[in-house]
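Everything numeric in this text was worked out from a predicted model, so none of it was measured.
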Amino acid sequence: MGLYLGFSFFWILGAINNTYWKAATLSNIIFMGGLAFGRLLSFALDGISYQYILGLILEVFFMILGVYNLKKTKSV
């Protein structure tokens with residue numbers, strides 16, 4: 001739980017302070033991508049659990065949103 005709280009604090013700090021924005025966005029992309037990949041691997045090995053599909057959709061969405069924001073804002 002400490003890992004999740006630490007990352008969320010860092011992401012909030014990145015949203016508030018431009019100095020940390022790029023690093024926070026990169027860590028968000030890697031974190032959400034890792035969660036999505038792990039969930040897809042779990043679906044492949046263990047079978048699809050329908051209650052987790054919304055989580056997968058949101059993880060992929062936030063990963064793509066982070067990549068989009070990084071490409072859109074190259075000056076930071």
Side-chain angles (χ1 to χ4, degrees):
M1 184 172 179
L3 179 66
Y4 294 109
L5 291 173
F7 267 120
S8 60
F9 173 76
F10 183 56
W11 297 332
I12 292 169
L13 182 66
I16 294 171
N17 188 342
N18 272 348
T19 306
Y20 300 108
W21 181 85
K22 185 174 183 179
T25 303
L26 281 171
S27 70
N28 191 320
I29 291 168
I30 293 168
F31 188 78
M32 291 298 165
L35 287 176
F37 176 74
R39 199 173 304 269
L40 284 172
L41 186 62
S42 175
F43 284 170
L45 296 176
D46 303 329
I48 294 178
S49 297
Y50 293 102
Q51 66 266 27
Y52 296 123
I53 290 179
L54 178 61
L56 174 66
I57 292 168
L58 289 173
E59 290 157 1
V60 170
F61 172 75
F62 285 119
M63 182 185 70
I64 291 171
L65 183 65
V67 170
Y68 171 76
N69 282 329
L70 270 182
K71 287 185 178 193
K72 184 180 88 170
T73 314
K74 291 198 181 239
S75 63
V76 176

In terms of hydrophobic clustering (I, L, V, M, F, W, Y; side-chain heavy atoms under 4.5 Å; direct or indirect links), are [X] and [Y] co-clustered?
X     : Y     : result
Tyr50 : Val60 : yes
Phe9  : Leu35 : no
Ile16 : Trp21 : no
Phe37 : Leu3  : no

Heavy-atom nearest pair, Ile53 first then Ile48, reads CD1-CG2, 3.9 Å

Smallest heavy-atom separation, Gly14 atom then Ala24 atom, equals CA-CB, 3.9 Å

First locate atom [atom1] of [X], then atom [atom2] of [Y], and finally report the distance between them rounded to the nearest 0.5 Å.
X     : Y     : atom1 : atom2 : answer
Asn28 : Met63 : CG    : CE    : 10.5 Å
Phe7  : Met32 : CZ    : CE    : 10.0 Å
Thr25 : Ile30 : OG1   : CD1   : 11.0 Å
Leu13 : Ser8  : CG    : OG    : 11.5 Å

Crowded around Phe10 CZ? As in, over 12 foreign heavy atoms under 6.0 Å? yes

Within-4.5 Å side-chain heavy-atom neighbours: Phe61 and Leu65
yes

> Ring centres of Tyr4 and Phe31 under 6.0 Å apart?
Replying inline: yes

